[in-house]
Every structure is written in C-alpha cells, then in structure tokens.
Amino acid sequence: MIDPPSGRPAAPAPVSPRRAPAWRRLLHVAVGLALIGGAGYAHEFVLPPDRLDDPLTATGGPREEIRMDTFSARLEEVRFARSVRVKKEFGTDEATTRQIFLVAKVGATSVRKPLKLSAFLLTADGLRFDPTDRVDAGATLAEKWVQPGWWRSGLYFFEVPPDKVAGARVVVTDPQVLFEDWVPEVAMDLGLDEAGARRMISEAEDGYEVTG
Amino acid sequence: MTSADPGATGPRRRPVLVPVLAVLVAAAVGLTTAFGGLEESPEPEPVRLGKGGELDQGRMRTVFQDAEVGAGQEHVGVPDKRYLRIVLKVTNQSDRTISAQTMDNALITVRTDVRRLKPPAGSDDLGPRIVTLDDGTHPYGQLHPGVPTTVVMAFELAQGERAPKSVRIEAATFVLTESFMSGDLNWLPVLKREKALPDGEPTPAPSKATRPPQLVAAEVDLPVRVAGS
C-alpha cells in the first residue's frame, strides 16, 4: 500500500478488521494439522535410500520352484559335511573346516539366454556368507551354464558356524546384471529350525565327495 | 510496505527482539569460551599395544599374536627365501564375507628396526602376501562374518638382509559411512584431519612415498622370533 502523493494517509484502517469466525479458524487449524500428519504418514511408504537399489527378490521354501524374470531355481537338497573332497584329474583336494560345510543342491533353468548363477547364504540375523573358497568353484553350479529349456542341478558349498544355520536362506542371483537396477534374485529357505539344524549337523558326514 | 506511523492506532510493541538476541549471542559466546573455544580438539593419540594386544578396528577385531622370521613354507612363499610373518587373529565384524587382503588397508605401515616394509619403497615390491591359515597347511582368502580366523601377513626379506629384531605396526580403524550419492552403507577408513600449514610454507607435493592419510588408531610393537626357536 502506497500513500497517495497528496502526503496525507488514506482514511484510518478500521480498528478491528473483519475476521473469520472462531469455528472456521479452528477448522483451518485442524485441516492444516491433518495435512501435516498425512504427509508425515505418507513417508512411511518411502523406501530408505539404502534400500532403493535393493534387488528384486522372489522367496520360497525348499523344493519349491521359484520363478524370476530371467531364471527359475529350486533348492533340491541340503546336506552338511565336516570335510569335502574334490576329485580332480590328477588328485584329490581335501577341504576341512572348524565350522561346518553346508552343501546346497540347487536346480535352475534360464528363461532366455545361458546364465552362470552366483549364490550366497543369508542367515537369520542378516549375515551374508559367500560360497567358501576351500572348495574349488569348478565343482559348483557357479561355474556351470544354466540354459533355457531344461533344468540342471549343481552344488554350492558354504562354510558357516553351526549356530547360524537355523533360519538361513540360500540366495541365487544373476551376477551379469550387477550394474543394472533391480538385480533379480531367488531366496530359498532351508526350512530348518534350531532342532532340525542341530539334528542334521550332528549327522554331518566326513569326506563328502564331489568331482571338480 | 508502510513504515509504522506514529499516529496509527494499535498497541505499541516493546522492542523485545534485540535484547533477546543480545542475551542469546552472549550466552553462545560464553558457552563456547567455557568449552575451550572453536579451536579443534587434538586428535586422539594412538593406543600402544604389545604382543597379544587386541584392537577393535570397526570392520574387524584384530589380535596381534606373533611376528617371526623364517624360510618360506609350502603355503606362503618359497623355501629358499626368508619372510617376516605377522600372525593375526581377525574376526570380521561386518555383515558379509570379506577378503583377507582387506587387512592390507587395515594395517597402514609396517616398520622393522631394519627398514620400512609397508608401504613398499620400490615399485617392484608387490607388497605382502595375506592369507588365512586356520588348519596350518592350506592357505585360503576369506574372512567370514563373526568367525575368528588366523591371518598371516608375509613380507619377503631381501637376500642377505639382517633379520629384524622388532616390528612396529600402525593400525587403522574403519567406520560404517552412508554414501552421500546413493545412501549405501560402506566401511571407510577413518582419515586424519588436514593440518593447516603455516603461512608461506609450500604445500608438499603428493608423492607415492607419502603415507595415506589414515588416522593411526594404534601402534603395535611386536618382538620378532626366529622361526623354529
């Protein structure tokens, strides 16, 4: 508002300007608070930044065929071993551990093109174990081609403390899409509770043999 | 906007903002002074550890068990050369399997009473071999989460070089840091703060020989045994 050039102010403003009635002001406050609250609540649905580029995971139980866009996989068998022998052309490698070897037999098939699938073991408390380097990768499914049209089975060897086995999952992923968003992965539950894990580990065999 | 017209009606406001600000500023200055001013607090001195000492490095927990000089064994090195072997017990405290080679970043420098072994002086030095050696015969390379594992770090000694009597290791720590760009969590080494140089002093050119600016959390002194004795 600018004073007119005459220098004299306009007529004095009314002492009490017209204000909205109290109930309308209260309503405005209530609507405002509801909007703020709603906005805060909507943030519950926003993924935290560290989860935005998480893989797309399909989950299932043992012996269940789990489908993903580019491949399907199923956990066919779980065994435990105190030592693993890899038979090679000129001799045998024997691997031992102070923990326990978890041998996961996984079947897989691809949808469109041949794949090599890598795996890791995710424990109930969120620890991620890579396949052990004590067993040559050549003896595992990681080094074998999974092709469209038929299923093939192979092994993954993990070295885990026996008390971490219950509730663990074997996760299989296609490492070739590492730098793309939405890495597809298949998480297969071992289906072992504390008692089941203890029983199977107590029956673990010595010298599990595999050809490499 | 119009300025307040002295003739206008309405309650006259007391000038309360300025005194309140003045009190707040005075309180802030007073508190800052009381807690030692804006000078940066000195960086923590490295912890001194000896044989058997244990250090929490964030990403891993390390026990400095032994240091020995001896011929290469079948699993680390070749038998006709001598090596300084530093034996550690490492527990991976992160949530996933890491490589034993990570210990290369976790131990910043290694010096003996003879010479500096790490970082290497020449470019023909490939650095230490770092393996896990749980059963004593097979070298492997993985540190699984939560599993205490024996790690051997072996430095090759030159032909005819005097066997060292003691070794000093400077150990770093890691901290789980959220990436600014992606929000991912990564273990990053704790770095030294940049020291302001006095006026007129030229900034030293960065060279390969200068130490990486990791903060030294601990200095570990180990006596060196001769293997087999």
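Reminder, nothing fancy here: chain letters follow the sequence lines and each chain counts from 1.
Surrounding CZ of Arg63(A) are at most 12 heavy atoms belonging to other residues, nucleotides or ligands under 6.0 Å away. More than 12 heavy atoms of other residues, nucleotides or ligands lie within 6.0 Å of CZ in Phe45(A), so this atom counts as buried by the packing criterion. Counting non-hydrogen atoms of other residues, nucleotides and ligands closer than 6.0 Å to CZ of Arg82(A) gives a total above 12. Atom CD of Glu54(B) has more than 12 heavy atoms from other residues, nucleotides or ligands within 6.0 Å. Within 6.0 Å of CZ in Arg82(B) there are more than 12 heavy atoms belonging to other residues, nucleotides or ligands. No more than 12 heavy atoms of other residues, nucleotides or ligands sit less than 6.0 Å from atom CD of Gln159(B).
Residues Asp133(A) and Gly141(B) share a closest heavy-atom pair of OD2-N, 2.8 Å. Counting all heavy atoms, side chain and backbone alike, Thr97(B) lies closest to Asp130(A) at OG1-N, 2.9 Å. Of all the heavy atoms in Ser94(B) and Leu127(A), the pair that sits closest is O-CD2, 4.2 Å.
Interface residue Thr132(A): backbone and side-chain heavy atoms are both found under 4.5 Å from chain B. Of the two parts of Glu159(A), the backbone and the side chain both hold a non-hydrogen atom closer than 4.5 Å to a non-hydrogen atom of chain B.
The CG atom of Asp134(B) sits 7.5 Å away from atom OG1 of Thr97(A), with the distance rounded to the nearest 0.5 Å.
Remark: side-chain polar atoms of Gln142(B) are not paired, donor with acceptor, to backbone N or O of Arg134(A) under 3.5 angstrom.
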